[in-house]
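Some notes on the structure that comes next.
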Amino acid sequence: MAALPEPTAEQDAQFMAAALEQARLAQAAGEVPVGAVVVHQGAIIASGHNRPIGAHDPSAHAEMQALRAAALHLGNYRLPECDVYVTLEPCVMCAGAMLHARVRRVVYGAPDPKTGACGSVLNLFAEARLNHQTTVTAGCEAEACGQILKDFFAERRAQRKALRDIQD
């Protein structure tokens with residue numbers, strides 16, 4: 001089977017825009033605004049957004065939701081011809097799931113200096129001892145991906161401050 005061509009920067013931006021739409025769904029539900037889409041043969045086949053609070057499920061990250069949906073769509077837990085676009089650098093759990101699924105490529109927007117597993121804290125994808133190597137593209141639409149998170153947490157801080165002010 002011939003290798004699939006990597007998407008262009010313009011296509012990456014379009015797929016990341018779809019991931020940002022998913023992040024907005026998470027934000028509207030009161031979740032940390034992270035969104036993801038899975039692309040197979042140039043088309044989005046699955047999407048997900050953060051749901052750990054609402055689902056009472058610590059594994060309900062955007063990437064996990066999208067991976068589950070993609071596996072169901074393709075009828076296989078292996079996703080070797082798939083690319084995952086996510087608005088925030090994946091954590092160890094999500095990176096591990098993507099490696100286990102044999103995802104071809106991960107494209108993320110904003111870095112996560114606290115839990116990022118693509119180079120910010122550690123780089124699980126650079127571990128040569130693992131039996132699968134996934135390509136990582138960092139910083140796609142980073143400003144927009146970072147801004148939605150900054151706005152969300154600024155609003156949260158303002159709400160907490162307002163609540164403290166009322167209580168005082």
Side-chain angles (χ1 to χ4, degrees), residues 6-74 79 81-98 101 103-121 124-125 134-163:
E6 281 199 21
T8 65
E10 183 178 301
Q11 289 168 317
D12 279 350
Q14 291 172 345
F15 294 135
M16 189 60 75
L20 275 163
E21 284 301 315
Q22 289 296 310
R24 288 182 191 93
L25 293 174
Q27 183 176 28
E31 302 273 2
V32 175
V34 178
V37 297
V38 178
V39 174
H40 179 254
Q41 298 179 347
I44 295 172
I45 61 164
S47 60
H49 57 274
N50 265 6
R51 295 189 58 236
I53 298 167
H56 308 290
D57 179 358
S59 71
H61 288 193
E63 303 95 317
M64 300 296 281
Q65 303 289 16
L67 288 171
R68 288 177 184 130
L72 285 172
H73 177 83
L74 294 175
L79 306 171
E81 296 179 354
C82 293
D83 299 339
V84 176
Y85 290 79
V86 59
T87 58
L88 181 65
E89 180 181 0
C91 69
V92 172
M93 173 183 67
C94 295
M98 287 186 257
V103 167
R104 178 179 84 134
R105 182 170 174 244
V106 174
V107 180
Y108 72 86
D112 186 345
K114 294 185 179 183
T115 64
C118 298
S120 290
V121 175
L124 198 56
F125 294 105
T134 296
T135 301
V136 175
T137 301
C140 179
E141 302 297 312
E143 187 174 327
C145 292
Q147 193 62 52
I148 192 171
L149 289 160
K150 288 175 190 170
D151 292 347
F152 176 81
F153 288 112
E155 184 178 331
R156 279 260 172 103
R157 286 189 297 276
Q159 288 170 347
R160 284 191 198 123
K161 184 183 181 315
L163 186 59

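- You'll find the side chain of C82 reaches within 4.5 Å of the side chain of I45, heavy atoms only.
- Here the closest non-hydrogen pair linking A142 and G109 is CB-O, 3.5 Å.
- In summary, of the residues considered (L20, L88, I148), a side-chain contact (heavy atoms from CB on, under 4.5 Å) with V34 occurs for L88 alone.
- Taking OG1 from T115 and CD from E89, the interatomic distance works out to 7.5 Å, rounded to the nearest 0.5 Å.
- For T135 (side chain) and R105 (main-chain N/O), no donor-acceptor pair under 3.5 Å exists by modelled atom type.
- Of all heavy-atom pairs between G30 and F152, the closest is O-CZ, 4.1 Å.
- The two residues A117 and F125 have their closest heavy-atom pair at O-CD1, 4.0 Å.
- Between T134 and M98 there is no side-chain heavy-atom pair separated by less than 4.5 Å.
- Partners of K150 by side chain to side chain donor-acceptor pair (under 3.5 Å), not counting sequence neighbours: none found.
- The main-chain N or O of H49 is never found under 3.5 Å from a side-chain atom of E31 such that the two would form a donor-acceptor pair.
- Shown here is Q159, whose CD atom has more than 12 heavy atoms of other residues, nucleotides or ligands within 6.0 Å.
- In terms of the side chain to side chain donor-acceptor pair (under 3.5 Å) criterion, residue partners of D83 (sequence neighbours excluded) are, by chain and number, R104.
- With sequence neighbours excluded, no residue satisfies side chain to side chain donor-acceptor pair (under 3.5 Å) with E143.
- A side-chain donor-acceptor contact under 3.5 Å links N50 to the backbone of V32.
- E155 pairs by the salt bridge (Lys or Arg N to Asp or Glu O under 4.0 Å) definition with nothing, not counting sequence neighbours.
- Considering CD of E141 and CZ of F15, their distance stands at 13.0 Å, rounded to 0.5 Å.
- Looking at Q41 and E81, their side chains come closer than 4.5 Å, going by heavy atoms from C-beta outward.
- The salt bridge (charged side-chain N to carboxylate O under 4.0 Å, His left out) contacts involving residues 45-65 comprise nothing, where partners must be two or more places apart or lie in separate chains.
- To the nearest 0.5 Å, atom CE of residue M93 and atom CE of residue M64 are 5.0 Å apart.
- Counting all heavy atoms, side chain and backbone alike, P90 lies closest to V106 at CG-CG1, 4.1 Å.
- Rounding to the nearest 0.5 angstrom, the gap separating the OG atom in S47 from the CD atom in Q22 is 3.5 Å.
- In terms of the ring pair (Phe, Tyr, Trp, His ring centres under 6.0 Å) criterion, Y108 has no residue partners (sequence neighbours excluded).
- Side-chain contact between L67 and V103 is present, with at least one heavy-atom pair separated by less than 4.5 Å.
- Closest non-hydrogen pair, A69 versus A46, comes out as CB-CB, 3.6 Å.
- Across every non-hydrogen atom of A66 and G48, the tightest pair is CB-N, 3.9 Å.
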